Amino acid sequence: EEKSAAATRQSVFRVIAAGQDEVLIIVQDVTEQKQTQNQLRESEERFRALVEQKPVGICVMQDGRFSYVNPKVCELLGYSRAELMAMTTRDIPILPEDLSFAQQRRKDRLAGQYVPPYILRLRRKDGSLVYLETHVSTIQNQGRPAGLLTVIDVSGRLLAEHALRESEERYRTLIHTLEQGVLMLGADGRVVTCNAAAARLLEMSEEEILAAPADWDRWPLLTEELMPLASGQAPGQVTLRTGLSQLGTVLSLRLASGQLRLLSFTTRPLFRPGQPQPYAVVVSILDVTETKRTQEELFIRAFYDPLTGLPNRALFLDRVGRVLSSARRADQLAAVCFLDLDGFKDVNDVHGHAIGDELLRQVSNRLLRCVRDGDMVARMGGDEFTMLLCSLQDAADAIRIAQRILQALRRPFLCAGRSVLISASVGISIAPRDGTGTDILLRKADVAMYQAKSQGKNCLYVFEPDPDASSDRLGQA
């Protein structure tokens, strides 16, 4: 007898065998079940094939144990699959410092809360440390909840980040201990880093510097000669625009306090691979105010007379050499005048050396007023002075200037309330007629000056070559 039960997909038959007991046979259609099992098995095989090849660790935790680990987990921890599958959560080699944190994350997951990715430190089987970034979610496994964990080895990244932080800390420590100011400019010209020395040099706080707009024209930068710096010509701007370093560019800066400081700027561009323009520029700033002042003082001591402030013998000889070279190229004349004061020893003897020194200073001022722009007056020592007269048309030009000098020195000098009279004897040599060497011109002017003294002083003599003799002669003017 067949009973229809479509819902259960089974049939019941009654079989009668003569003289035998009845047998009831039940037949059930399991096609769909087998199909489902096959599909499940195929799905599990695909899942395993997928996760077994994953470059990240994947494991399933259920009832405090591993129910599945892929090969990457074994590789990360250094244990075999059998060893891991035998472990409980208590056996997992999490560092003690991270254990309570891991337990709290597990409780949050079991409570249905979202657990963001976190990093755990585990001890590998060989004792080394591994940092695992852990992503966890809840899944159903055999009808019960389980934890699906994806773990990624971030040891290299964390070590690199740690090394970067250490490097940055060393960099910050270094630049903040430097005596020279350091600024880093971004590609837009804004200051992105500065040290305490830069803030001190610029008389601004670090916060003010970092908050300032990318406009170097607002800084009152001047050239070393105190001329306004052209727009866009600050060293950092030039390097950002050209990609070229600037080495020791000296500029003047008027500070908020009113002080004028000389600062040396050195820049270095920073490039990314394959990019022609710098992404940043490091600017080093050094205060060279005192250095420049010292250099100027040493230069003045070496090349200027301390009493009168006039160039000394060394600077005069250097200038004569350069002027003679220019005069030859321009086919022009130049003259060297040698002047000696008449009776200066008597002034010292009668009035004292203080009056004599004051007289020398006043004589220097009168000589400077008698010569032209481009000419040079120097003190050779004692009461001897020299003049270099440039760009002359003829010897008469030199004679006129020398006569003007003699007239100026004949006027009385007022020194410390005393009237002092004095005169001078002047000798003149003309280049290139009398020679083209500095020493020979100076010697001939000196000879001419002594000839002027021998003729009664208070006059000038021009050295002239004798066309009729092998020796030179002197001509009085």
Side-chain angles (χ1 to χ4, degrees), residues 156-295:
R157 188 191 79 195
L158 293 180
L159 289 175
E161 290 175 353
H162 180 68
L164 178 61
R165 285 194 298 271
E166 286 187 341
S167 175
E168 290 177 342
E169 183 60 31
R170 287 194 300 269
Y171 167 75
R172 283 192 294 269
T173 302
L174 174 63
I175 68 168
H176 281 284
T177 55
L178 289 175
E179 284 298 318
Q180 62 182 158
V182 177
L183 303 175
M184 180 180 285
L185 309 182
D188 61 353
R190 293 178 65 91
V191 179
V192 296
T193 301
C194 74
N195 68 350
R200 185 171 63 253
L201 286 173
L202 300 175
E203 291 188 352
M204 298 173 67
S205 69
E206 293 180 43
E207 292 75 16
E208 288 174 324
I209 294 174
L210 294 174
D215 180 15
W216 277 80
D217 293 337
R218 68 189 176 83
W219 300 90
L221 288 172
L222 308 170
T223 65
E224 195 172 353
E225 296 76 23
L226 303 183
M227 299 297 291
L229 190 67
S231 178
Q233 292 305 304
Q237 291 176 304
V238 173
T239 300
L240 276 174
R241 187 171 60 251
T242 64
L244 301 176
S245 297
Q246 304 291 301
L247 303 177
T249 302
V250 177
L251 298 173
S252 300
L253 176 64
R254 181 76 66 183
L255 301 176
S257 63
Q259 263 192 325
L260 187 66
R261 308 297 290 177
L262 281 173
L263 303 178
S264 174
F265 293 84
T266 296
T267 64
R268 179 178 172 234
L270 302 179
F271 295 94
R272 291 191 176 97
Q275 294 188 0
Q277 291 300 114
Y279 70 87
V281 172
V282 177
V283 182
S284 299
I285 310 172
L286 187 64
D287 188 343
V288 295
T289 306
E290 297 305 321
T291 302
K292 286 288 186 179
R293 184 176 293 127
T294 301
Q295 290 174 347

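This is a predicted model, so every value here is computed, not measured. In what follows, residues are counted from 1 in the order of the sequence shown.
Scanning for side-chain contact (heavy atoms from CB on, under 4.5 Å) contacts around Val282 gives Val182, Met184, Leu270, with sequence neighbours left out.
Within 6.0 Å of atom CD in Glu290, more than 12 heavy atoms from other residues, nucleotides or ligands are found, so the atom counts as buried in its surroundings. Counting non-hydrogen atoms of other residues, nucleotides and ligands closer than 6.0 Å to CZ of Arg261 gives a total above 12.
Contacts classified as side chain to side chain donor-acceptor pair (under 3.5 Å) and involving residues 271-283 (residues at least two apart or in different chains) are not found.
Partner of Pro235 under the side-chain contact (heavy atoms from CB on, under 4.5 Å) criterion, out of Leu251, Val281, Ile285, Leu263: Leu251 alone. A side-chain contact (heavy atoms from CB on, under 4.5 Å) with Val250 is found for one member of Val288, Thr223, Thr291, Leu286 and no other, namely Val288.
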TODO: May I have the step-by-step check of side chain to side chain contact (heavy atoms under 4.5 Å, CB included) for Leu253 and Leu202, ending in yes or no?
DONE: CA-CA 9 Å; Leu253 176 64; Leu202 300 175; 3.6 Å; yes
- [ ] Report the C-alpha separation of Arg254 and Glu203 in whole Å, then their side-chain angles, then the decisive distance to 0.1 Å, and conclude whether the salt bridge (charged side-chain N to carboxylate O under 4.0 Å, His left out) test is met.
- [x] CA-CA 10 Å; Arg254 181 76 66 183; Glu203 291 188 352; over 6 Å; no
Open item on the list: Assess the residue pair Glu161 and Arg157 against the criterion (salt bridge (charged side-chain N to carboxylate O under 4.0 Å, His left out)); give the C-alpha distance rounded to whole Å, side-chain angles, the decisive distance to 0.1 Å, and a yes or no.
Closed with: CA-CA 6 Å; Glu161 290 175 353; Arg157 188 191 79 195; 3.5 Å; yes
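In this structure, Thr289 contributes its side chain and Leu262 its backbone to a donor-acceptor pair below 3.5 Å. Not one N or O on the side chain of Asp287 forms a donor-acceptor pair closer than 3.5 Å with the backbone of Gly181. Remark: the backbone N or O of Val238 is not paired with any side-chain donor or acceptor of Gln246 at under 3.5 angstrom. Not one N or O on the side chain of Thr267 forms a donor-acceptor pair closer than 3.5 Å with the backbone of Val283.
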